[in-house]
Amino acid sequence: MKKLCMMMMLIFTIFLAGLAMNAQAAENPTLTSGKAVEGTLTNQKEITYQIKVTKPSYIQLQGTAYSPMLYMDLVDQKNNVIKQLHNEFSDSMEQTPANGKVSEYLEAGTYTIKIHRGENESTEAADYRLLVTVKASAVTEIEPNNGSKTAMTLPVNAKAIKGQVSFGDATDFYKVELKEAGNLSIKVKGYLRDMVVNLYDQDLQRIFRLPQYYYGNILTGVTQSNNMFLEKGIYYVRINNTRATGLYEISAPFDPTKNNDIEPNNGTSQAQLIRPNIDKITGLLSWNDKEDFYKVNVTKKGNMEVAVTLSKEAYILVHDHEGKPVYENYIAIPNGAYDYTFKKKISVVKGRYYVKVFIYNNSYGLYNLAVNVPEMLPNAPTAKATKTKVTGTTYKNSKVTVKIGSKKYTGKSNSKGAFSIKIPTQKVKTKVYVSVTTGAGTSKTTKVQVK
């Protein structure tokens, strides 16, 4: 008997819970997008509806009221009012209703629409009509991406990502990985009035900020962009709204600079070797690398020529191995010049020197650097030419180049310095130019005639 009573009590409890659930469902009916509902607010405090948003969407709330005391509130799961219709109903009457419309971008979730009166308002019956439409935003961003740790990858030179800043998601982060140095652009097309877009380095130090105001709308996007020379590394883009919500498209065009300076080279201990008369450096001064050092080993006393070609102003400093400056200068770009070449000859003795190229401001960009010491060049070879070959002597195991007209023919000297290079049959008295290339550079040419 005791067991039977307990069983009956359990069944009764389940029955009451079911009634409560059904009652709650009846009190909070779920709306269907695009399907209007009508009702009357009588003496109850409020009437509530639910709308389920399954993915990031644009939601529009259209209401018709037959009383100026009516409110229609769109609220989130925490009971925060997202949008409200009330002032639009101020001229409504029983026979002449008023219409209102509000809209908002929302994330996935369940939202509530509350229909109620204001405090201390009359409890007379108030008719209404409500229509809610939900349109998926078709975004390609992947949530959550609200911080650098959860940032979505933004590939360079790829199709734009479509994102959304909304009432419930005001911030989006993207990670950009540069596998080489270059000029990175951040391009954002905004379908909203304003938003804040910042580019940061890996330590979240701001590099630049895009203009805040887009003045776009749901149908027309407005594009803002900026670019910066940057080194290889990880960068972040942060997008957040201020007051406006809406859609945007973001992309990251990237132009590799293909510079051949070797980083890090930010001091004498890291200085990159540049061989006089041989190496030609294409360097980059960027947002995160504003100075480059190069080491020059001079083996003979002479005149060292430093040649720098650049499109933006920079500074150059040359000092010896003890740190004593032997030359320094600010290189300004003449008006109208783009690739401006600056050359300076410096008297040097045998020893180690350093060349520093640097900037203080934001004149980032590429430069070309060459260092020449003519006194270190190899001597021109001795040579003679017949109709079918060029022979002679020079430095051992070295490259020998024969030039006849616009044609070049190359060979190599043996361990004793002798060389013999076959050439197509030539006429007597044809001019032949012969040079040698060693680790110190390429010599002047020896001019001979075919005999």
Side-chain angles (χ1 to χ4, degrees), residues 30-31 33 50-61 74-83 102-113 132-178 184-204 206-207 209-210 212 214 216-219 221-225 234-253:
T30 299
L31 297 175
S33 174
Q50 286 187 343
I51 183 73
K52 293 183 179 180
V53 178
T54 58
K55 58 185 67 174
S57 299
Y58 176 73
I59 184 170
Q60 190 173 76
L61 176 65
L74 173 64
V75 301
D76 64 9
Q77 295 90 331
K78 295 181 180 180
N79 210 35
N80 297 311
V81 176
I82 302 171
K83 290 290 182 179
V102 290
S103 58
E104 185 57 274
Y105 287 90
L106 298 175
E107 299 303 304
T110 300
Y111 298 86
T112 301
I113 299 172
V132 177
T133 55
V134 179
K135 181 181 179 182
S137 299
V139 297
T140 54
E141 67 158 317
I142 300 174
E143 293 286 354
N145 63 339
N146 302 326
S148 58
K149 292 183 179 180
T150 57
M152 178 181 177
T153 297
L154 175 62
V156 299
N157 298 326
K159 184 179 179 181
I161 294 175
K162 186 177 181 181
Q164 171 178 295
V165 283
S166 64
F167 178 85
D169 180 28
T171 303
D172 292 330
F173 266 82
Y174 295 92
K175 181 172 75 171
V176 181
E177 181 177 2
L178 300 185
L184 174 66
S185 297
I186 299 300
K187 184 178 180 181
V188 179
K189 188 174 185 180
Y191 294 84
L192 69 173
R193 187 189 62 183
D194 64 286
M195 60 181 169
V196 178
V197 181
N198 288 301
L199 175 65
Y200 299 96
D201 68 5
Q202 189 168 0
D203 298 321
L204 296 182
R206 188 168 73 182
I207 299 171
R209 173 176 173 170
L210 294 186
Q212 179 175 339
Y214 289 74
N217 56 55
I218 190 172
L219 298 176
V222 177
T223 300
Q224 302 279 16
S225 65
I234 301 295
Y235 300 89
Y236 294 100
V237 181
R238 179 176 185 249
I239 296 179
N240 63 285
N241 65 350
T242 52
R243 294 170 299 276
T245 60
L247 301 176
Y248 63 85
E249 296 172 0
I250 181 170
S251 60

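A quick note: this is a predicted structure, and the numbers were derived from the prediction, not measured.
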How far apart are the closest heavy atoms of [X] and [Y], and which atoms are they?
X      : Y      : answer
Ala252 : Leu154 : CB-CD2, 3.9 Å
Asn145 : Met152 : CB-N, 4.0 Å
Lys189 : Thr223 : CG-OG1, 3.6 Å
Tyr111 : Asp76  : CD2-CA, 3.8 Å
Tyr236 : Leu204 : CD1-CD2, 3.9 Å

Between Asn241 and Arg243, is there a donor-acceptor pair closer than 3.5 Å when you use the side chain of the first and the backbone of the second?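 Flag not set: sc Asn241 to bb Arg243 has no pair under 3.5 Å.
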With heavy-atom distances below 4.5 Å as the criterion, would you say the side chains of [X] and [Y] are in contact?
X      : Y      : answer
Leu247 : Val139 : yes
Val188 : Glu249 : no
Val176 : Val237 : yes
Tyr248 : Glu141 : yes
Ile113 : Val132 : yes
Asn146 : Phe173 : no
Leu178 : Val156 : yes
Leu61  : Lys83  : no

Starting from the C-alpha separation in whole Å, work towards a yes-or-no answer on side chain to side chain contact (heavy atoms under 4.5 Å, CB included) for Leu199 and Arg206. CA-CA 6 Å; Leu199 175 65; Arg206 188 168 73 182; over 6 Å; no
Name the residue from Thr54, Val53, Ile59 that meets the side chain to side chain contact (heavy atoms under 4.5 Å, CB included) definition with Ser57.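 Only one option passes, and that is Val53.
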Assess whether side-chain hydrogen bond (donor to acceptor under 3.5 Å, both in side chains) is satisfied between Thr153 and Glu177, documenting all intermediate values. CA-CA 8 Å; Thr153 297; Glu177 181 177 2; over 6 Å; no
Between the side chains of Thr110 and Gln77, is a donor N or O closer than 3.5 angstrom to an acceptor N or O?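 No, no side-chain donor-acceptor contact under 3.5 Å.
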Going through the distances and angles, do Tyr191 and Ile218 end up as a side chain to side chain contact (heavy atoms under 4.5 Å, CB included)? CA-CA 5 Å; Tyr191 294 84; Ile218 190 172; over 6 Å; no
I'd like to know whether Asp172 forms a side chain to side chain contact (heavy atoms under 4.5 Å, CB included) with Glu143, so could you lay out the CA-CA distance, the side-chain angles of the two residues, the decisive distance to 0.1 Å, and finally the verdict. CA-CA 8 Å; Asp172 292 330; Glu143 293 286 354; 3.1 Å; yes
With rounding to the nearest 0.5 angstrom, report the [atom1] to [atom2] distance, [X] to [Y].
X      : Y      : atom1 : atom2 : value
Asn198 : Ile186 : CG    : CD1   : 11.0 Å
Met195 : Arg238 : CE    : CZ    : 13.0 Å
Lys52  : Ser33  : NZ    : OG    : 14.5 Å
Asp194 : Tyr214 : CG    : OH    : 9.5 Å

In chain order, what residues pass the ring pair (Phe, Tyr, Trp, His ring centres under 6.0 Å) check against Tyr58, with sequence neighbours excluded?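 Ring pair (Phe, Tyr, Trp, His ring centres under 6.0 Å) check on Tyr58 returns Tyr105.
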Return all side-chain donor-acceptor pairs below 3.5 angstrom for residues 157-167, not counting sequence neighbours, or 'none' if the list is empty.
residue, atom, partner, partner atom, Å
Asn157, OD1, Phe254, N, 2.7
Asn157, ND2, Phe254, O, 3.0
Lys162, NZ, Ser137, O, 3.1
Gln164, OE1, Ser137, OG, 2.5
Gln164, NE2, Leu106, O, 3.1
Gln164, NE2, Glu107, OE2, 3.1
Ser166, OG, Glu107, OE2, 2.7
Ser166, OG, Asp169, N, 3.2

Working note: Ile250 + Lys187, criterion side chain to side chain contact (heavy atoms under 4.5 Å, CB included); need CA distance, chi angles, decisive distance, verdict. CA-CA 6 Å; Ile250 181 170; Lys187 184 178 180 181; over 6 Å; no
